[in-house]
There are 2 protein chains.
Amino acid sequence: MYSMLDLHQRTSPLQWLLIAVAQKWVATLVCDMKLDLKAKRITQDPLADISPWDTLNWHSRQILNDMSKVITFRKETVSEHRLFIVLSGVMAVRRELSDGRWTFSTLFKAGDIIDTERHERIHQGKLMALNSVDVMLVTSETFRQCLTTTPDINRVYSQVMRILAERARDHITDLACKTPTELVASVLFEFKRWPQSIQINKSDTVVLPISRRNIAHYLGIKPETISRVFNKLETQQLLQVPLADHVIMLDAPKIRQIANGGHPRGQG
Amino acid sequence: MYSMLDLHQRTSPLQWLLIAVAQKWVATLVCDMKLDLKAKRITQDPLADISPWDTLNWHSRQILNDMSKVITFRKETVSEHRLFIVLSGVMAVRRELSDGRWTFSTLFKAGDIIDTERHERIHQGKLMALNSVDVMLVTSETFRQCLTTTPDINRVYSQVMRILAERARDHITDLACKTPTELVASVLFEFKRWPQSIQINKSDTVVLPISRRNIAHYLGIKPETISRVFNKLETQQLLQVPLADHVIMLDAPKIRQIANGGHPRGQG
DNA sequence: CGTCACGTTGACCCGTTTCAATATTGGTGG
DNA sequence: CCACCAATATTGAAACGGGTCAACGTGACG
């Protein structure tokens, strides 16, 4: 940049050309630097793009970033940490019965905060990464203190916790009354709302973020049943399954209707 | 009291008798007054006896009491309030599907805080009293502000919220993998942990705090199934059901084992 | 005494699980 | 690039479990 200013002092036609070329080159260089800076800023402030943490003011995010570090769980990893924010991927609480049956009681996606520190009771289940998962690790004491000192963070924290409680109640409702067909229809819409890792322009395409086997464990049914449900819905022209993890909703309203209880027992 | 002192000034045998009678009368009167005072204190500080709110210091409880009022929901009442602490009785979130099926997704007992204020989504289900329920009503703004200004209250609040989240995950696990027999066994222990309205000296007796019909809706099964399960467990000498809402555990360890997954499909 | 809600019992049957076999996918290394 | 393996997904057949429905018993209440 300084050399460019120097060039300006003594101008000749050739030099003008050189200057023009140099300017262009420098411009692209600066542009690249800006992009690089932006990329760097994003990696340093990963919450900026994740709802609802993007509603934090810059200062609050700065506090959070300063007290935390970003780490990655590889697929199938069990986390010993019990307090962090999910940045990408899917984590789950795996809970087991004594004879080996188990379920994913909760799924956590980007933006969710996982706060399952032990209180009096011991067994809470394992925290597992179903994908490669980026998380933002915070230390318990600092974070708890920060919740009392920074109302902005407390606001978002309690908002997320209430959304999670609401999702849990949704899930309970599903498990308690829905038939497998309705369960699958519901979970399609649940995944549809999630931030898709692969951006699909077709808005009616849902990318299943986890394997069907894991979906089955989340819904409390068997993988075979999920397969049969997809078959049935496909023959009814309600959806298409071009790939194992891609579902195209052909008749979203009808699927929505099924998800809300439109397929009780005794309707084939 | 003053008149009694007056009597003391001029003593005669008859007066002594009168004094004695009067003293006794006054004593019982004072005693009654003390009881009354104590009752009044309890009604003024209802959190003093309810875990985990009893761990609050006196000052914090005073703050909570000052900002709130105690009201009673009668049985079957639907509450429009969405933020309060349960003092006695059982409340539930009733959620429905479009075709009439419904479940109690969450049960709230004494000590639980109900904080289901709406965020972006609309339908969260109805808050219902399954009993006569005393609650401590707080105004949202005051309470939220208080959470930021009083760490003591914030501590208990987040403790309760985490316990509730944990209970939700328990419930999800139950619904997702357990057979009806295991569900019923589980719910017996859940109720066993609750503060019993009627104190039973026999520690192995569980008083069902809600009707079997409602238990069925909570567990996502039918009342008929619950009845059959009790029959089966009774013929296996594991428990006794002297009254419809009293269950005596004859073999608590075995029932515990069943609750944790000791009765999968295919075991009769 | 009638009504109503709740709980119980029995018979039947649909649907999900179970089990087994096969097809498909994805990853690894030659 | 292909072969190979493991994990996952699919398909079929059979069995059992809990849902459904109907009828009856019971207790609370006016």
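A quick note: this is a predicted structure, and the numbers were derived from the prediction, not measured. So that the names make sense, note that chain A is the first sequence line, chain B the second, and so on, each numbered from 1. Below, all heavy atoms of this structure are taken into account, side chains as well, without hydrogens, waters or symmetry copies.
Toward the 5′ end of DNA chain C lies the nearest nucleotide of B/K75, the other residue of the pair B/K75 and B/T225 mapping further downstream. Toward the 5' end of DNA chain C, the nearer of the two residues A/A244 and A/T179, judged by each one's closest nucleotide, is A/T179.
Checking C/dG10, C/dG7, C/dT18 against every side-chain atom of B/R213, the shortest atom distance belongs to C/dG7. Side-chain atoms of A/R212 lie closest to D/dT10 of the nucleotides D/dG19, D/dT10, C/dT17. When distances run from any side-chain atom of B/E224 to the nucleotides C/dG7, C/dT9, C/dA20, the shortest one goes to C/dT9.
Atom CD1 of A/I221 and atom C1' of D/dT10 are 15 Å apart (whole Å). Put simply, CD1 on B/I210 is 12 Å from P on C/dC6, counting in whole angstrom units. Computed from coordinates, the A/K222 NZ to C/dC19 C1' distance equals 12 Å when rounded to whole Å. Distance B/N231 CG to D/dG17 C1': 17 Å, rounded to the nearest Å. In this entry the distance linking CG of B/D99 with P of D/dT20 reads 10 Å, nearest Å. Atom-to-atom, CZ of B/F230 to C1' of C/dC6 comes out at 14 Å; the value is rounded to the nearest Å. For the pair B/H246 NE2 and C/dG7 C1', the computed distance is 17 Å after rounding to whole Å. Rounded to whole Å, the distance from CG on A/L130 to P on D/dT8 is 12 Å.
Note on B/P180: only backbone sugar-phosphate atoms sit closer than 4.0 angstrom, heavy atoms only; bases stay farther off. At the heavy-atom level, A/I226 lies nowhere under 4.0 Å from the strands shown.
Note that CG of B/N231 and CD of B/E234 are 6.5 Å apart. Values are rounded to the nearest 0.5 Å. Distance CG/A/L238 to CG/A/D251: 5.5 Å, rounded to 0.5 Å.
Judged purely by distance below 3.5 Å, without hydrogens or angles, the side chains of A/R169 and B/S105 never pair a donor atom with an acceptor atom.
Counting distance only, with no hydrogens placed and no angle test, the side-chain atoms of A/R228 and the base atoms of D/dG12 include a donor-acceptor pair under 3.5 Å.
For B/F108, there are no ring-ring contact (aromatic ring centres under 6.0 Å, His included) partners, not counting sequence neighbours.
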Listed pairs under 3.5 Å, donor-acceptor, residues 80-92 of chain A side chains, sequence neighbours left out:
unit_1	atom_1	unit_2	atom_2	d
A/R82	NH1	A/T116	OG1	3.1
A/R82	NH2	A/G125	O	2.8
A/S88	OG	A/D134	OD2	3.4

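In terms of heavy atoms, B/L130 sits closest to B/K75 at O-CG, 3.6 Å. B/Y218 and B/L175 get closest at one heavy-atom pair: O-CD2, 4.2 Å.
Comparing the helix axis at one end of the helix from C/dC1-D/dG30 to C/dG30-D/dC1 with that at the other, each defined from 5 consecutive pairs, gives an inter-axis angle of 40° (nearest 10°).
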